[in-house]
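Here's the structure, in structure tokens; my notes come after.
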Amino acid sequence: MTRELIVLRHAKSDWDTKAAHDFDRPLAKRGLKAAKKIGRWMHRHDVIPDYVLVSTAKRAQQTIKRMDKVLDLDSKIVHPEP
């Protein structure tokens, strides 16, 4: 069985925000749409991860949650990491 490593960056973040720290910046409207779009692409191409390591940064969490709306990932495979 061949394994693949997929490295995915968070979707477009919002720079015009009142977040006190970079870690707390949310996704921009464009990023919210893009995250769902990449989830649809992954589903259509049968690219369903077995293990997801995701940052606890707000924009990364928003990205995986939007993708998950399409991919319907088992919560046991998503591992937040600060």
Q: Report the hydrophobic cluster partners of Phe23, with the cluster defined as I, L, V, M, F, W, Y residues connected by side-chain heavy atoms closer than 4.5 angstrom, directly or transitively.
A: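 Noted: Phe23 shares its cluster with no other residue.
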Q: Please write out which residues are connected to Val7 in a hydrophobic cluster, directly or through intermediates, given that two of Ile, Leu, Val, Met, Phe, Trp, Tyr count as joined at side-chain heavy-atom separations below 4.5 angstrom.
A: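 Joined to Val7, directly or through intermediates: Leu5.
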Sequence neighbours excluded and cut-off under 3.5 Å, please list the side-chain donor-acceptor pairs for residues 57-66, or say none.
| from | atom 1 | to | atom 2 | distance (Å) |
| --- | --- | --- | --- | --- |
| Arg59 | NE | His10 | NE2 | 3.1 |
| Arg59 | NH1 | Asp22 | O | 2.5 |
| Arg59 | NH2 | Asp22 | OD2 | 3.0 |
| Gln61 | NE2 | Ser55 | O | 2.7 |
| Gln62 | OE1 | Leu27 | N | 2.7 |
| Thr63 | OG1 | Ala11 | N | 3.1 |
| Thr63 | OG1 | Arg59 | O | 2.8 |
| Arg66 | NE | Leu32 | O | 3.3 |
| Arg66 | NH2 | Leu32 | O | 3.4 |

(Q) Taking Val54 as the starting point, is it possible to reach Ile6 by hopping between hydrophobic residues whose side chains are less than 4.5 Å apart? (A)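 Ile6 clusters together with Val54.
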Q.
Working to the nearest 0.5 angstrom, can you tell me the gap between Leu73 CG and Ile48 CD1?
A.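 That separation rounds to 7.0 Å.
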Q.
Quick check for you: to the nearest 0.5 Å, what is the distance between Arg44 atom CZ and Asp46 atom CG?
A.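 Going from the CZ atom of Arg44 to the CG atom of Asp46 covers 12.5 Å.
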Q.
Is a donor from one side chain sitting under 3.5 angstrom from an acceptor on the other, for Ser13 and Arg25?
A.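 Side-chain D/A pair, Ser13 to Arg25: present.
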Q.
Is it true that, when you exclude Asp74 itself, more than 12 heavy atoms of the residues, nucleotides or ligands shown sit nearer than 6.0 Å to its CG?
A.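 Enclosed: over 12 neighbouring heavy atoms sit under 6.0 Å from CG of Asp74.
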Q) Is the number of heavy atoms from other residues, nucleotides or ligands within 6.0 Å of CZ (Arg40) greater than 12? A)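 Yes, because the 6.0 Å sphere around CZ of Arg40 holds more than 12 heavy atoms from other groups.
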[X] and [Y]: which non-hydrogen atoms are nearest, and at how many Å?
X	Y	answer
Ile38	Leu8	CG1-CD1, 4.3 Å
Pro49	Met42	CD-CE, 4.2 Å
Gly39	Leu71	O-CD2, 3.4 Å

Q) What do the steps show when you test Lys36 against Val70 for side chain to side chain contact (heavy atoms under 4.5 Å, CB included), and what is the final call? A) CA-CA 7 Å; Lys36 200 166 184 181; Val70 177; 3.8 Å; yes
Q) Who passes side chain to side chain contact (heavy atoms under 4.5 Å, CB included) against His45, sequence neighbours left out? A)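 If we apply the side chain to side chain contact (heavy atoms under 4.5 Å, CB included) test to His45, skipping adjacent residues, the hits are Trp41, Val47.
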(Q) For residues 61-82, which residue pairs pass the ring pair (Phe, Tyr, Trp, His ring centres under 6.0 Å) check, not counting sequence neighbours? (A)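 Sorted pair list: Tyr51-His79.
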